[in-house]
Undergrad: 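Here it is: the structure, laid out below.
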Amino acid sequence: TYQKNLYADSTYYFLTVNQNAGLRLTSRQSLPASQDRLTVYPELIVHELDETNIISSGRQWVGESFSAGGNAIKRFTVETPGRQSGNIKLMSTVVGRSPAGSQFAVGLESGETLGEHVVEPYSDEIYGLKGRFDSQIFEGSIATAGNEAQVSYSYTGSGIGHLDHFVLEYSRALAVGQETLIFRGQSDFSGARTFELSDITENTLVWNISESTAPYQLDYSIESGKG
């Protein structure tokens, strides 16, 4: 699940410096290679903007607005470095503010319709709800690899709608570039798996940070630029 920090967009580390030797990163040998080699991993890309506070109070903000009178369709192009062809997943949350109910059709650049949000009507009473949230998980596929993807929303309703956020999950190549590569395995793994990284060199460092308070460095072998 995804949750945005309401109070900060930065993380801080506090270091203590003195005359005593601190913790040092230890090294471990990798396990013997298994037959099941993984060359991709699930990457997550988040899109969320805080543009509107519906009641002009409190901590709940929503993003881009939609209306039926000429502002009904929005397309979002997001960077997807290393994206491979195949299945994708979109976790999406929208807000409807229509007394008669509203719908959001969600699609991809290829023209494929992923699904639809159907948002119930809301009551415009003084102390009633000022909008209804709806969250859905859509699945689809992209036939070609690429470093960008486009997600589209088409709104139908008599009132106003908002996008709260979406999270795009896709398969990213395990390739070491100029920047730090942080990757994770799938949560349903069972048994030993071998991660095969391409574009790796003898200067590449691989750390296992599954336990944030006890990371360690993994030793590995290189063959034909893969490790």
Side-chain angles (χ1 to χ4, degrees), residues 1-6 9 40-126 128-173:
T1 60
Y2 162 75
Q3 183 177 5
K4 186 175 183 179
N5 191 311
L6 296 173
D9 57 6
V40 298
Y41 72 97
E43 178 68 294
L44 301 176
I45 301 297
V46 178
H47 173 85
E48 180 175 5
L49 296 180
D50 292 334
E51 290 191 343
T52 302
N53 187 303
I54 296 174
I55 63 173
S56 300
S57 178
R59 299 174 296 176
Q60 184 67 64
W61 290 74
V62 294
E64 296 87 347
S65 62
F66 296 77
S67 62
N71 192 32
I73 299 176
K74 291 186 183 295
R75 297 178 176 87
F76 304 92
T77 300
V78 294
E79 294 185 2
T80 55
R83 177 174 55 78
Q84 305 298 289
S85 61
N87 296 332
I88 61 96
K89 184 183 295 184
L90 187 78
M91 289 73 81
S92 172
T93 298
V94 299
V95 184
R97 300 175 61 196
S98 171
S102 55
Q103 297 82 38
F104 293 80
V106 185
L108 295 174
E109 57 193 310
S110 60
E112 177 184 357
T113 299
L114 294 176
E116 187 178 55
H117 289 276
V118 178
V119 187
E120 295 181 356
Y122 87 105
S123 174
D124 197 20
E125 298 176 355
I126 295 178
L129 293 174
K130 303 306 178 184
R132 290 189 180 273
F133 285 77
D134 184 73
S135 298
Q136 300 288 340
I137 298 177
F138 305 112
E139 296 185 358
S141 62
I142 299 179
T144 58
N147 294 318
E148 286 186 346
Q150 188 178 89
V151 180
S152 65
Y153 284 78
S154 179
Y155 174 78
T156 304
S158 59
I160 297 175
H162 297 275
L163 173 64
D164 185 55
H165 73 273
F166 67 77
V167 181
L168 178 65
E169 179 181 317
Y170 67 92
S171 293
R172 178 172 177 173

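Starting from 1, each residue takes its place in the sequence as its number.
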Undergrad: Please name the pair of heavy atoms, one in Gly157 and one in Ser102, separated by the smallest distance, quoted to 0.1 Å.
TA: CA-CB, 4.1 Å

Undergrad: In sequence, state the C-alpha distance, the side-chain angles, and the governing distance for Ser141 and Asn87, and then conclude on side chain to side chain contact (heavy atoms under 4.5 Å, CB included).
TA: CA-CA 4 Å; Ser141 62; Asn87 296 332; 3.8 Å; yes

Undergrad: How many angstroms lie between CG in Leu163 and OG1 in Thr52, if you round to the nearest 0.5 Å?
TA: 11.0 Å

Undergrad: How far apart are the closest heavy atoms of Pro121 and Ala100, and which atoms are they?
TA: CG-C, 3.8 Å

Undergrad: Working to the nearest 0.5 angstrom, can you tell me the gap between Gln136 CD and Met91 CE?
TA: 13.0 Å

Undergrad: Please collect all side chain to side chain donor-acceptor pair (under 3.5 Å) contacts where either partner lies in residues 53-62, sequence neighbours excluded, each pair once.
TA: Tyr7-Arg59

Undergrad: Could you work out, with ring pair (Phe, Tyr, Trp, His ring centres under 6.0 Å) as the rule, every residue matching Phe166, not counting sequence neighbours?
TA: His47, Phe76

Undergrad: For Pro81, check side chain to side chain contact (heavy atoms under 4.5 Å, CB included) against everything at least two apart and list the hits.
TA: Glu79, Tyr170, Arg172

Undergrad: Test Leu168 against Leu44 for side chain to side chain contact (heavy atoms under 4.5 Å, CB included), laying out the working first.
TA: CA-CA 6 Å; Leu168 178 65; Leu44 301 176; over 6 Å; no

Undergrad: Please tell me if the side chains of Leu90 and Val106 come closer than 4.5 Å, counting only heavy atoms from C-beta onward.
TA: yes

Undergrad: Could you tell me which non-hydrogen atom of Leu114 sits nearest to which non-hydrogen atom of Gly140, and how far apart they are?
TA: CD2-CA, 3.8 Å

Undergrad: Given 3.5 Å as the limit, does a donor-acceptor pair link the side chain of Gln84 with the main chain of Gly82, or not?
TA: yes

Undergrad: Which is it for Ile54 and Val62 under the side chain to side chain contact (heavy atoms under 4.5 Å, CB included) test, yes or no, and what are the steps along the way?
TA: CA-CA 8 Å; Ile54 296 174; Val62 294; 4.1 Å; yes

Undergrad: Between Asp9 and Lys4 (salt bridge meaning N to carboxylate O under 4.0 Å), is one present in this structure?
TA: no

Undergrad: If you take all heavy atoms of Arg75 and Ser152, which pair is closest and at what distance?
TA: CG-CB, 3.9 Å

Undergrad: Could you walk me through whether His117 and Phe138 satisfy the ring-ring contact (aromatic ring centres under 6.0 Å, His included) test, starting with their C-alpha distance in whole Å, then the side-chain angles of each, then the deciding distance to 0.1 Å, before giving a yes or no?
TA: CA-CA 10 Å; His117 289 276; Phe138 305 112; 5.3 Å; yes

Undergrad: Passes side chain to side chain contact (heavy atoms under 4.5 Å, CB included), Val119 versus Phe104? Steps please.
TA: CA-CA 8 Å; Val119 187; Phe104 293 80; 4.2 Å; yes

Undergrad: Should the ring pair Phe66 and Tyr155 be called parallel, tilted or perpendicular, given that the plane angle runs from 0 to 90° and is split at 30 and 60?
TA: tilted

Undergrad: Who passes ring pair (Phe, Tyr, Trp, His ring centres under 6.0 Å) against Tyr122, sequence neighbours left out?
TA: none

Undergrad: Please list all pairs passing the salt bridge (charged side-chain N to carboxylate O under 4.0 Å, His left out) test where one or both residues lie in residues 81-109, with sequence neighbours left out.
TA: none

Undergrad: Do Ser158 side-chain atoms and Ser98 backbone N/O form a donor-acceptor pair below 3.5 Å?
TA: no

Undergrad: Looking at Lys74 and Ser65, what are the two nearest heavy atoms and their distance?
TA: CE-O, 2.7 Å

Undergrad: So does Glu48 get a backbone contact from the side chain of Asp164, meaning a donor-acceptor N/O pair under 3.5 Å?
TA: no

Undergrad: Test Ile88 against every option in Thr80, Val151, Leu108 by the side chain to side chain contact (heavy atoms under 4.5 Å, CB included) rule and name the one that passes.
TA: Leu108

Undergrad: Test of understanding: with salt bridge (Lys or Arg N to Asp or Glu O under 4.0 Å), list the residues that count as partners of Lys130, not counting sequence neighbours.
TA: none

Undergrad: Roughly how far, to the nearest 0.5 Å, is CG of Asn71 from CD1 of Ile160?
TA: 9.5 Å

